[in-house]
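Written below as structure tokens is the structure these notes are about.
Predicted model only: the values in this text are computed from it and were never measured. Just so you know, ligand 1 is whichever comes first in the structure, and atom 1 is the first atom listed for that ligand.
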Amino acid sequence: MMRAVVLTPSFGRHSDAPDRLAEDLGLTLERRTEGHPKSAADVVAAIGDAPAVIVGLDEISADVLAACPNLRVVAKHGVGVDNIDLGAAAAAGVSVVNTPGANAGAVADLTLGLILMGARRIREAEDSLRAGRWEVFLGTELSGKQLGILGFGRIGRAVADRARAFGMRICAYDPFVPAEVIEQAGARPADLDTVVATSDVLSLHLPGGDGVLLGAAQIDAMPRGAALVNAARGGLVDEHALAAALTTGRLAFAALDAFEVEPPPADHPLLGAPNLIATPHVGAFSDVANATMGTMVVEDVVRVLDGREPAHPVRPAR
Ligand SMILES: NC(=O)c1ccc[n+]([C@@H]2O[C@H](COP(=O)([O-])OP(=O)(O)OC[C@H]3O[C@@H](n4cnc5c(N)ncnc54)[C@H](O)[C@@H]3O)[C@@H](O)[C@H]2O)c1
């Protein structure tokens with residue numbers, strides 16, 4: 001009997017397609033989703049002797065892999081694998097799989113929503129109306145403005161497609177995507193410093209786990225009145241420097257769907273900063289993405305447990 005422990009409550013939450021597929025393919029699912037995301041010790045206890053685990057942001061460290069000798073596959077219900085020790089998994093012979101592209105449309109939709117919310121000051125206007133006032137709020141139009149995209153993968157390109165429909169010019173930095181591929185997608189390739197220094201809106205769409213990409217120096221180099229959107233990973237941005245840039249009014253707004261520590265502590269300087277739009281890491285939460293992520297992990301778990309190659313393996317960087 002094939003079985004997998006499910007640690008993320010998101011699996012099959014908005015669609016029964018993943019559970020139906022698992023049943024059809026003979027995969028028994030055991031849900032242990034309380035206390036998500038789980039610490040390493042809780043993950044070990046939850047996995048027990050299972051050969052497969054479906055995770056969200058749960059910690060899959062080298063210690064977890066060492067403590068779960070029966071484990072054959074870790075399936076990420078999502079894209080970012082910075083919570084999984086890929087090197088330790090490869091060394092232990094454990095496959096890691098994820099769901100590339102499944103949530104690109106969902107995250108791109110949210111990103112455009114965040115940009116529009118900040119540019120047209122939608123929340124301020126609504127708060128004002130609900131407070132019994134009838135005021136006007138001067139916004140910024142997107143048409144003709146430059147959107148700088150850091151990380152031109154699936155989500156970055158989906159954001160570019162949508163932003164072009166709003167008349168934005170797209171400039172992108174991605175050292176791993178050839179310049180001609182960026183150009184074919186209708187964007188202008190540029191180095192990091194150029195994208196940061198020239199974009200009206202800067203949006204992050206690259207993996208986390210490799211430290212801060214936008215530190216105080218980069219935030220200072222953004223044009224006065226620019227905006228920053230981060231629906232990737234909180235650790236990519238120096239949050240204290242960002243809070244300072246909002247407080248001084250250097251940046252028009254910042255919109256974050258990801259924080260270095262999630263949830264951010266109530267006294268976090270960003271939460272008290274003006275013109276911050278914040279959402280609780282909901283980028284991937286759409287009906288379509290939820291169904292697709294769930295079915296993709298079920299398919300790949302079954303492939304690995306069957307002794308076949310997974311369709312979406314994730315391997316450590318060379
Ligand atoms: N908010 C959410 O709910 C949510 C959901 C899904 C993904 N994400 C985040 O979005 C990220 C991107 O997802 P994706 O599906 O587009 O992944 P992807 O792998 O398709 O694209 C990532 C791109 O980032 C590029 N990249 C890697 N390192 C870089 C660097 N140092 N500088 C610039 N570019 C770099 C890669 O070359 C790649 O093209 C994920 O890694 C994850 O952190 C967030």
Problem - Atoms in ligand 1 flagged as close to G153, the criterion being non-hydrogen separation under 4.0 Å - result: 16 (O), 20 (O), 21 (O), 23 (C), 39 (O)
Completion exercise
ligand 1 to H281, heavy atom cutoff 4.0 Å, flagged ligand atoms 1 (N), 2 (C), 3 (O)
Practice task
Indicate yes or no: does an N/O atom of V79 lie under 3.5 Å from an N/O atom of ligand 1?
Solution key: no
Exercise for the section: In plain terms, say whether E141 and K145 are close enough for a salt bridge, that is, a side-chain N and a carboxylate O under 4.0 Å apart. Expected result: no
Practice task
Select one of side chain, backbone, both or neither to describe which atoms of L192 lie under 4.0 Å from any atom of ligand 1, heavy atoms only.
Solution key: neither
Completion exercise
With heavy atoms and a 4.0 Å threshold, my read on which part of I155 contacts ligand 1 is both
Problem - Flag if over 12 foreign heavy atoms under 6.0 Å of CG, D82 - result: yes
Handout entry: SB check R3 E30 (cutoff 4.0 Å)
Key = yes
Fill in the blank from the handout: Quick look: L206 vs ligand 1, heavy-atom contacts under 4.0 Å, and the answer is both
Exercise for the section: State whether the side chain of D174 and the backbone N or O of F152 hold a donor-acceptor pair below 3.5 Å, judged by distance alone. Expected result: yes
Fill in the blank from the handout: Counting from 1 in the order shown, the ligand 1 atoms closer than 4.0 Å to a non-hydrogen atom of Y173 are 32 (N), 33 (C)
Handout entry: Ligand-residue contact atoms, ligand 1 with V177, heavy atoms, under 4.0 Å
Key = 39 (O)
Problem - Sidechain-backbone polar pair: R250 side chain, D220 backbone, donor-acceptor under 3.5 Å - result: yes
Problem - Test: E34 and R32 ion pair at under 4.0 Å - result: no
Problem - 4.0 Å heavy-atom contact, A284 with ligand 1 - result: yes
Practice task
Enumerate the atoms of ligand 1 whose separation from the nearest heavy atom of P175 is less than 4.0 angstrom.
Solution key: 32 (N), 33 (C), 34 (N)
Problem - Residue pair R303 / D306, side-chain heavy-atom distance below 4.5 Å - result: no
Practice task
State whether the shortest distance between N or O atoms of R157 and N or O atoms of ligand 1 falls below 3.5 angstrom.
Solution key: no
Fill in the blank from the handout: Near A232 (heavy-atom distance under 4.0 Å), the atoms of ligand 1 are 9 (C), 43 (O), 44 (C)
Problem - Those atoms of ligand 1 less than 4.0 Å from some heavy atom in N103 - result: 5 (C), 6 (C)
Practice task
Using a 4.0 Å heavy-atom threshold (strictly under), name the region of F152 that reaches ligand 1: side chain, backbone, both or neither.
Solution key: backbone
Handout entry: Per-atom contacts of ligand 1 with V107, taking only distances under 4.0 Å to non-hydrogen atoms
Key = 4 (C), 5 (C), 6 (C)
Problem - Over 12 foreign heavy atoms within 6.0 Å of CZ, R133 - result: yes
Completion exercise
protein heavy-atom neighbour closest to atom 36 (C) of ligand 1 works out as D174 OD2, 3.4 Å
Handout entry: Region of H205 engaging ligand 1 - heavy atom pairs below 4.0 Å
Key = backbone
